[in-house]
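Here's the structure, in structure tokens; my notes come after.
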Amino acid sequence: MDCYVMTLFPDMIRSGLGTSIIGRAIEDGRIYLEAVNIRDYTASKHGKTDDYPYGGGAGMVMQAQPIYDCYQAIRKRLADAPRVVYLTPQGQVFNQEMARELAVEKSLVFLCGHYEGVDERVLDEIVTDHVSIGDFVLTGGELPAMCMIDAISRMIPGVLHNDESAEGDSLSDGLLEYPQYSRPEVWNGRQVPPILLSGDHAKVDAWRREQSLIRTAERRPDLLEKAAVSPKEREFIRNYLAKRREV
Ligand code: ADE
């Protein structure tokens with residue numbers, strides 16, 4: 001996949017995504033990442049990319065021209081029109097399903113805003129998706145773009161190696177992942193659940209599934225509505241919660 005990030009802070013993107021698993025995928029050529037500096041496309045002699053808002057108000061607005069020309073320079077290099085994601089708290093809230101959906105695209109373009117916003121006319125002209133990473137306001141779109149690129153990249157075949165598989169991930173089936181334990185068997189007086197040491201794979205799988213159901217019911221009950229959970233499992237959750245209320 002080819003990812004282009006239009007930003008005023010390209011170093012932030014390069015350093016944020018240059019290490020660990022995504023850094024390795026970039027090095028291996030599974031992902032092409034280019035942080036494109038919007039300032040390089042301004043027609044202003046002084047390198048200006050923002051101006052006062054019409055109608056007054058606080059802060060500055062990123063101007064249309066540098067963003068549009070930056071986008072056109074990227075567009076010219078691609079065979080097909082890419083999806084263009086504008087990071088904004090006003091967008092649809094990003095989730096795992098969206099990550100999976102975007103991971104099949106050949107190229108993606110991200111637009112990172114700053115200051116009070118971006119001239120609406122250039123958004124109307126180029127943006128296909130308005131996306132938020134949650135109901136809070138950050139100072140710019142760079143961190144949200146990096147979050148999205150990380151989550152999307154690990155859905156691309158070959159980016160995760162076998163021992164890093166995304167299969168058992170939290171949210172891969174709409175549920176939270178079960179708890180994990182590693183050596184030693186006893187740490188700080190706390191024992192690893194004995195079933196994990198039993199060597200009985202069917203029992204371990206069943207225990208993990210139960211733990212996923214319990215965890216999701218306790219921490220993110222909102223997820224249960226849409227998760228792939230059988231009627232029997234729903235009954236298990238009801239019984240578990242009823243018992244917990246008795247205690
Ligand atoms: N820009 C500022 N805050 C944001 C958020 N929560 N999501 C996406 N982009 C943003």
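One-based numbering, in listed order, for ligands and for the atoms of each.
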Contacts for ligand 1, heavy atom under 4.0 Å, by chain and number, are L87, T88, P89, V131, S132, I133, G134, F136, V137, L138, G140, P144

Note: with side-chain heavy atoms under 4.5 Å as the link, the other cluster members for I195 come out as Y181, V192, L196, L197, V204, W207

Sole residue of R245, E210, E218 in side chain to side chain donor-acceptor pair (under 3.5 Å) with Y240: E218

Distance, nearest 0.5 Å, that separates SG of C112 from CE of M12: 8.5 Å

Ion pair check, [X] and [Y], cut-off under 4.0 Å:
{"X": "D169", "Y": "R154", "value": "yes"}
{"X": "R24", "Y": "E164", "value": "yes"}
{"X": "D2", "Y": "K106", "value": "no"}

